Chemist: 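After the structure tokens below, expect a handful of questions from me.
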Amino acid sequence: MTSQMVPIGLDAVGNRVEFDSMGNVDAPAERYWGAQTKRSLQYFSIGDDRMPKAVYHAYGYVKKAAALVDRAAGRLEDWKADAIVAAADETIAGRLDEHFPLFVWQTGSGTQSTDCGSIRLDRT
């Protein structure tokens, strides 16, 4: 979640402030990931082994399926479901691969993968 309203995404420049339970952290405005991914890149920059892109493409399928089921069950508004499905389709197609920069070496909880796999919908 961003703590201030700044553009996020490919056309954005500079940094934005993201926050989590550990506090604020600067994240590049042109990237869709948040605080946990930024921290992982900082503290777990070990080796050259990156998380396989297929893992993140799979996150896209999971997010899309969840959005469609939640919309059908009346738990998710149409506009939100449409935004999630559109972002999931971009992820599945590999058009957002540069937004998934993590190394395979992470904490046991995998929080940073979940954060990175969360498709940003607050794009402007």
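A quick note: this is a predicted structure, and the numbers were derived from the prediction, not measured. When a residue number appears, it is its place in the shown sequence, counting from 1. Computed over heavy atoms, backbone and side chain alike; hydrogens, waters and symmetry mates excluded.
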Chemist: Listed by chain and number, what are the side-chain contact (heavy atoms from CB on, under 4.5 Å) partners of P52, not counting sequence neighbours?
Modeler: V55, V104
Chemist: What are the two closest non-hydrogen atoms of A81 and A67, and how far apart are they?
Modeler: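 Reported closest heavy-atom pair: CB-O, 4.1 Å.
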Chemist: Within the distance-only criterion (no hydrogens, no angle test), does the side chain of S40 pair as donor or acceptor with the backbone N or O of Q36 below 3.5 angstrom?
Modeler: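 Side chain of S40 to backbone of Q36, a donor-acceptor pair under 3.5 Å: no, none is there.
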Chemist: Starting from V69 and following side-chain heavy-atom contacts under 4.5 Å between hydrophobic residues (I, L, V, M, F, W, Y), which residues can be reached?
Modeler: none
Chemist: Would you say the side chain of K53 lies within less than 4.5 Å of the side chain of F100, judging by non-hydrogen atoms?
Modeler: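 In short, these two side chains touch, coming nearer than 4.5 Å.
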Chemist: V25: which other cluster members, linking ILVMFWY side chains closer than 4.5 Å, directly or transitively?
Modeler: none
Chemist: Working to the nearest 0.5 angstrom, can you tell me the gap between E90 CD and H99 NE2?
Modeler: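 Answer rounded to 0.5 Å: 9.0 Å.
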Chemist: With sequence neighbours left out, what residues match D70 under salt bridge (Lys or Arg N to Asp or Glu O under 4.0 Å)?
Modeler: R75
Chemist: Would you name the heavy atoms of N24 and F19 that are closest together and state the gap between them?
Modeler: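 So the two residues come closest at OD1-CB, 3.2 Å.
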Chemist: State which residues pass side-chain hydrogen bond (donor to acceptor under 3.5 Å, both in side chains) with D26; sequence neighbours excluded, sorted by chain then number.
Modeler: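 Partners of D26 under the side-chain hydrogen bond (donor to acceptor under 3.5 Å, both in side chains) test: none.
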Chemist: Using side-chain heavy atoms (C-beta onward) and a distance below 4.5 Å, is M22 in contact with R39?
Modeler: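 Of all side-chain heavy-atom pairs linking R39 with M22, at least one is under 4.5 Å.
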Chemist: How far does CH2 of W33 sit from CD of E98, to the nearest 0.5 angstrom?
Modeler: 12.0 Å
Chemist: Please report the closest heavy-atom contact between A88 and G60, naming both atoms and the distance.
Modeler: CB-O, 3.3 Å
Chemist: Using a strict cut-off of less than 4.0 Å between a Lys/Arg side-chain nitrogen and an Asp/Glu carboxylate oxygen, indicate whether R71 and D82 qualify as a salt bridge.
Modeler: yes
Chemist: Does one hydrophobic cluster hold both L41 and L96, with members joined at side-chain heavy-atom distances below 4.5 Å?
Modeler: yes
Chemist: What distance do I92 atom CD1 and Y59 atom OH have between them, rounded to the nearest 0.5 Å?
Modeler: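 Here the interatomic distance stands at 14.0 Å.
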Chemist: Can you confirm whether more than 12 heavy atoms, excluding those of D48, are under 6.0 Å from its CG atom?
Modeler: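 Check fails, neighbour count at 12 or below.
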Chemist: Any chance you could measure T37, atom OG1, to D20, atom CG, to the nearest 0.5 Å?
Modeler: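 T37 OG1 to D20 CG: 10.0 Å, rounded to 0.5 Å.
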Chemist: Taking all non-hydrogen atoms of both residues into account, name the closest pair between H57 and D97 and its distance.
Modeler: NE2-OD1, 2.8 Å
Chemist: Which residues satisfy the side-chain hydrogen bond (donor to acceptor under 3.5 Å, both in side chains) test with R50, sequence neighbours excluded?
Modeler: none
